[in-house]
Amino acid sequence: MIRLTNVAKEYPRSGVALAQVSFQVKKGEFVFLTGPSGSGKTTILKLLYMDDKPSEGEVWINGVSSKTAKGREISRLRRRIGIVFQDFRLLEDRTAEANVRFALEVTGSPKATIRAKVSRALTQVGLASKATSYPRELSGGEQQRVAIARALINDPFVLIADEPTGNLDERATRGVFQLLRDINASGTAVIMATHDLDLVRRSNYRTIELNHGRLVFDSAESPASARPPEESLELTDASGDYRESI
Amino acid sequence: MRSVREALAASGRAPLLSVLGVVTIAFSIFAFGLFGLVAINIRKALEQVEQRVEVRAFVSDSTEIESVAAAMKDIGEFPEVLRVDYVSKEQALARARKEMGEFADVFEAGVLPASIEVHLRPGRQDPATVKSVADRVKTYDFIDDVRYGEEWVAKLYSLRTIATVAGIALGVAFAAVAIIIIGATIRMTVLARAKEISIMRLVGATDMFIRLPFLIDGLVKGVCGGLLALVFVWIADRIVNEYVIQTVFFDRQMIFLGIVGGAFMGVLGSLVSVGRHLRRI
Ligand SMILES: Nc1ncnc2c1ncn2[C@@H]1O[C@H](COP(=O)(O)OP(=O)(O)OP(=O)(O)O)[C@@H](O)[C@H]1O
Ligand SMILES: [Mg+2]
């Protein structure tokens, strides 16, 4: 369903962001993407939803190749991918409901089905009662749920989440993570980049770790005991620069 | 429709720039239009002039009629020449009397010389051709004098050239400014809506869908500019008609062309700028 083969990404000014990255994600899988700040997690996710193209190698996702995809094909692909970020990316001047509806309106969904779909998505994330609230009237966790509802609105085959709990306190983090597990349980693959190693340890999902743009560990390839040493994980945890951006 | 609504909302966000954009488009079309009108009217004046004789060669009194006839046959075979007429002394007198009306008595028989009138083919009546024909006619030794293309015909021609060049130059300059201003308006809108646009991209809206409101915005501004220009040109034309000379106005096709030109500028302005600014989001 998703396959990266020898993917490299080089940025003009900052140099190599990814090198020699290869892995596959199966239908319905849950995958953590971890690694220190600047190791290339966000870059991989961007390549997946074709916001950028690899400098070398190839990304295949849902039958679309990074080598040939362009314009309309990428738009179509994104309708089948749900994407959420650390900073929610909601429109401040619209209610929760309107934010979710927005994704349907701008992709030309038939009007008749919009209302029902929106209310189903908000119910799914547990926010049916907050449909008419504006983002500023919602907690961080609730805002992230709205963003997830928007990501789910077109029944994606995969949900891509870039540090979705990075801006949340522990309680909200647990809630949002549980929601992602539920979404995964209903058949949607989830690829989640995170710094939160507690989350990673407590669940038994596949983990891919990056360092300096290289894939240094993939739990699908190695036995569980072959995890990288704890100290490297802690270093990873402490170096997250997302805290500064809060 | 969503796109139209959004286009109008976008213009409302930067009213001054929007108006400025429309007005510069109008100025551009106005420049084209005004000089176009001058050119059209000069062309019409020239057409009337061109009906007349292009080259008149006066024949010496003592010339044998046979040599004149031979010369006329030669001249009639020049490729530029349509027809050659002979005007005898008597005919010249009669014509002069008719044209002068009450001053007819001034003329006495024998004052006016006989002449050859050379008519040129349509399309070969420009000053340069007229002069070259006149120069060749002048080489006959019984020809005393050759008159051709009264000076003002040449002046009209150069005026038409100046009007055309000035119109195109000014029109292009204003068009460039209009496109830049429209580009600036769109940059503001794109920046104001950067987050919205990035989310549209993320959830899979097509580029066309994202661009459409901007293109419609440009189209509407262009058409408004075209219509405004039409009003300007029409007023200018009325004023000239009232105080200077009778003029002809554009026909429907030209008016339509002007408005299409405005629309084209508006769409081009937004197309160029929207592509550039959207890529940065
Ligand atoms: N648009 C860009 N232009 C230039 N360099 C970039 C760009 N995006 C990322 N990089 C560089 O690529 C490298 C990987 O960045 P990336 O954002 O993928 O890291 P990350 O693992 O997501 O980090 P974090 O945990 O802090 O979010 C970094 O060195 C970064 O400076
Ligand atoms: Mg990142």
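Chain letters run A, B, ... following the sequence lines, proteins first, then strands; residues in each count from 1. Quick note: numbers below take in every heavy atom, side chains included, and nothing from hydrogens, waters or symmetry partners.
Atom NZ of B:K195 is separated from atom CG of A:L90 by 6.5 Å, given to the nearest 0.5 angstrom. The CZ atom of A:R76 sits 8.0 Å away from the OG1 atom of B:T206 when rounded to the nearest 0.5 Å. We find the CZ-CG distance between B:R193 and A:L91 to be 10.0 Å, quoted to the nearest 0.5 Å. Considering CD1 of A:I81 and CG of B:L202, their distance stands at 9.5 Å, rounded to 0.5 Å. Distance OG1/A:T107 to CE/B:M200: 11.0 Å, rounded to 0.5 Å.
The two residues B:V203 and A:V106 make their nearest non-hydrogen contact at CG2-CG2, 3.6 Å. Nearest approach of B:E196 to A:R94, heavy atoms of both residues: OE2-NH2, 3.3 Å.
Within 6.0 Å of atom NZ in A:K53, more than 12 heavy atoms from other residues, nucleotides or ligands are found, so the atom counts as buried in its surroundings. Residue A:K130 places its NZ atom among 12 or fewer non-hydrogen atoms of other residues, nucleotides or ligands, all under 6.0 Å distant. Annotation for A:F23: atom CZ counts as buried by contact number, over 12 foreign heavy atoms lying within 6.0 Å. A:E92 CD: more than 12 foreign heavy atoms inside a 6.0 Å radius. Environment of CD in A:E56: sparse, with no more than 12 heavy atoms of neighbouring residues, nucleotides or ligands closer than 6.0 Å. More than 12 heavy atoms of other residues, nucleotides or ligands sit less than 6.0 Å from atom CZ of B:R238. Atom CZ of B:F256 has 12 or fewer neighbouring heavy atoms from other residues, nucleotides or ligands inside a 6.0 Å radius.
Looking at residues two or more places apart in sequence or on another chain, you find a salt bridge (Lys or Arg N to Asp or Glu O under 4.0 Å) between A:E105 and A:R101.
Interface remark: A:L104 contributes no atoms to any contact with chain B (heavy atom separation under 4.5 Å). In this structure, no portion of A:R80 lies under 4.5 Å from any heavy atom of chain B.
Proximity to chain B among residues 68-75 of chain A is limited to A:R72, A:S75, judged by heavy-atom separations below 4.5 angstrom.
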**side-chain contact (heavy atoms from CB on, under 4.5 Å) between A:D51 and B:R201, intermediate numbers included** = CA-CA 9 Å; A:D51 189 41; B:R201 284 246 171 93; 6.0 Å; no

